[in-house]
Protein chains: 2
Amino acid sequence: MTTQKPRTGRRGDALSKERIVRAAVETLDAGGEDALTFRVLANRLSTGPGAIYNHVANKNELLRAATDEVIAHVTTGAVTGPEPGEAIRAIMLGVFDAIHAHPWVGAQLSREPWQTAMLQIFESAGRQLTALGVPEQAQFDAASALVNYVLGVAGQSAAGARALPGETDRSAFLETVAAQWTTQYDAADYPFVHQVAAQLAGHDDRKQFLAGIDLILAGISTLR
Amino acid sequence: MTTQKPRTGRRGDALSKERIVRAAVETLDAGGEDALTFRVLANRLSTGPGAIYNHVANKNELLRAATDEVIAHVTTGAVTGPEPGEAIRAIMLGVFDAIHAHPWVGAQLSREPWQTAMLQIFESAGRQLTALGVPEQAQFDAASALVNYVLGVAGQSAAGARALPGETDRSAFLETVAAQWTTQYDAADYPFVHQVAAQLAGHDDRKQFLAGIDLILAGISTLR
DNA sequence: ACCTGAACACCGTTCAAGT
DNA sequence: ACCTGAACACCGTTCAAGT
């Protein structure tokens with residue numbers, strides 16, 4: 001009679017959307033996209049797979065919530081910025097770093113681009129464009145270009161993680177890619193691919209990501 | 001005894017990778033990504049699901065082959081171009097149109113960016129950059145920016161097709177998206193999103209895609 | 001050498017039965 | 001109101017058995 005609202009279960013806490021999402025993020029971080037199943041999630045939460053549906057509509061909603069949680073930290077952190085171009089760089093780098101830390105986020109962002117996470121990025125970028133002095137009717141195109149670029153990088157990051165699930169040695173991976181390119185594609189038919197393959201080994205993803213952002217920003221400064 | 005190598009089966013042609021890939025493309029075009037199953041494919045080819053594995057290693061290889069077939073038409077077509085900037089625009093528009101005609105191609109490209117299809121686009125773009133006079137060490141970054149942008153657009157196109165599988169009325173879809181944005185996100189927190197939502201209805205995807213390409217090209221011309 | 005199709009090992013999701 | 005866990009309707013893939 002005294003226990004009207006038992007906030008904690010017998011063992012550990014009661015099931016809740018927060019706990020489920022947190023467990024999902026941990027599972028995804030540990031084992032990648034394919035590791036997340038309702039059965040292993042239920043097991044980790046010591047319950048049955050059906051119980052999860054009391055707090056989450058389906059797997060898509062769960063993935064959406066997990067992605068939003070990771071990205072929310074990025075956009076809220078980098079609000080203050082003196083120069084608008086620098087602010088855009090900071091936001092985009094934040095997204096890049098989040099995706100590199102959680103490659104499944106990249107896959108989810110490119111699968112469902114218009115979920116809250118991406119809209120927040122779109123909003124933050126758009127505001128800075130106004131500050132940059134980009135004409136209003138060009139702002140949409142400029143923000144879209146930035147977002148599309150980030151989505152492309154996000155997808156590639158996820159693909160890389162899928163290709164080598166547990167690996168950490170990035171340069172070894174790039175060497176494998178370069179070797180595949182030079183082996184499978186003829187130098188006569190693919191001269192540019194061969195030229196780039198040589199540069200691939202000593203190659204910094206993060207720096208190249210920023211170079212792309214700067215290229216788009218340089219193009220945007222043309223619009224003023 | 002006379003029939004040493006029966007090239008044709010009793011009904012229709014014998015099973016072959018070509019026939020399987022063609023049937024896969026048709027199935028994907030008709031029903032989208034989820035419509036392709038080995039069971040429906042086998043049914044369409046009047047055989048059992050196991051037979052397909054005699055010609056194709058697995059579903060990933062099949063999707064890869066289907067994508068390559070669609071994209072091959074694009075890059076081989078637009079080789080001749082007078083001005084390199086115009087040539088890049090033509091290649092990228094070709095990819096855009098192919099993705100719009102077959103949205104599942106967009107999904108596959110962003111899932112496996114470094115398959116033959118994307119490498120061909122990368123190669124074509126890279127060659128034109130040389131012609132544009134972009135310094136060699138900057139060519140990799142410039143080509144990557146273009147390819148990442150296209151991949152982002154590809155993923156979004158696929159996501160749109162997933163959201164409304166059979167629909168053709170594009171502007172009706174955009175109005176739904178705009179309505180969702182303005183309803184679910186507060187104007188005070190998302191001013192830019194609200195501003196853009198108003199422009200969304202009378203909005204041309206293809207034109208915006210080109211605007212993004214032009215933005216990147218403008219940035220690239222800075223590098224010379 | 002290729003095809004057949006039942007069977008295996010999984011999924012996400014549902015739902016009667018419990019508490 | 002929430003949890004339990006067997007069951008359903010699917011997947012991709014395998015493999016003994018046929019031809």
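- For the pair B:Asn43 CG and C:dC3 P, the interatomic distance rounds to 16 Å; values are reported in whole Å.
- Nucleotide C:dC11 holds its P atom 16 Å from the NZ atom of B:Lys59, rounded to whole Å.
- Across the protein-nucleic acid pair, A:Asp34 atom CG and C:dG12 atom P stand 10 Å apart, rounded to whole Å.
- As a whole-Å value, the separation of A:Asn54 CG from C:dT19 C1' is 13 Å.
- Comparing D:dT13, C:dC3, D:dT4 against the side chain of B:Asn58 picks out D:dT13 as the nearest.
- Of the N and O atoms on the side chains of B:Gln108 and B:Gln115, at least one donor lies less than 3.5 Å from an acceptor on the other residue.
- Toward the 5′ end of DNA chain C lies the nearest nucleotide of B:Gly48, the other residue of the pair B:Gly48 and A:Asn60 mapping further downstream.
- With a cut-off of 3.5 Å on both pairing distances, C:dC10 has no Watson-Crick or G-U wobble partner at all.
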A:Val150/A:Phe209 under side chain to side chain contact (heavy atoms under 4.5 Å, CB included): CA gap, chis, key distance, verdict: CA-CA 9 Å; A:Val150 172; A:Phe209 172 76; 4.3 Å; yes
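- Judged by Watson-Crick or G-U wobble contacts below 3.5 Å, the nucleotide D:dA1 has C:dT19 as its partner.
- Rounded to an integer number of Å, the gap from A:Leu15 CG to D:dC3 P is 5 Å.
- The aromatic rings of B:His100 and B:Phe96 sit parallel to each other, their planes meeting at less than 30°, with 60° as the upper class boundary.
- Taking a 4.0 Å limit (strictly below) on heavy-atom distances, residues 35-42 of chain A reaches DNA chain C at A:Leu36, A:Thr37, A:Phe38, A:Arg39.
- Atom OG1 of residue A:Thr47 and atom CZ of residue A:Arg19 lie 9.0 Å apart, to the nearest 0.5 angstrom.
- Taking atom OH of residue B:Tyr53 and atom C1' of nucleotide C:dC3, one finds them 15 Å apart after rounding to whole Å.
- A distance below 6.0 Å separates the ring centres of A:Tyr53 and A:Phe38.
- The CD1 atom of B:Ile52 sits 9 Å away from the P atom of D:dG12 (whole-angstrom rounding).
- Between the side chains of B:Gln156 and A:Trp114, at least one donor N or O lies within less than 3.5 Å of an accepting N or O.
- Distances were taken from every side-chain heavy atom of A:Pro49 (C-beta onward) to each of D:dG5, C:dC2, D:dC3; the shortest belongs to D:dG5.
- Rounded to the nearest 0.5 Å, atoms CG (B:Leu200) and OG1 (B:Thr176) are 10.0 Å apart.
- Rounded to whole angstrom, the span from the CG atom of B:Leu45 across to the P atom of C:dG5 amounts to 14 Å.
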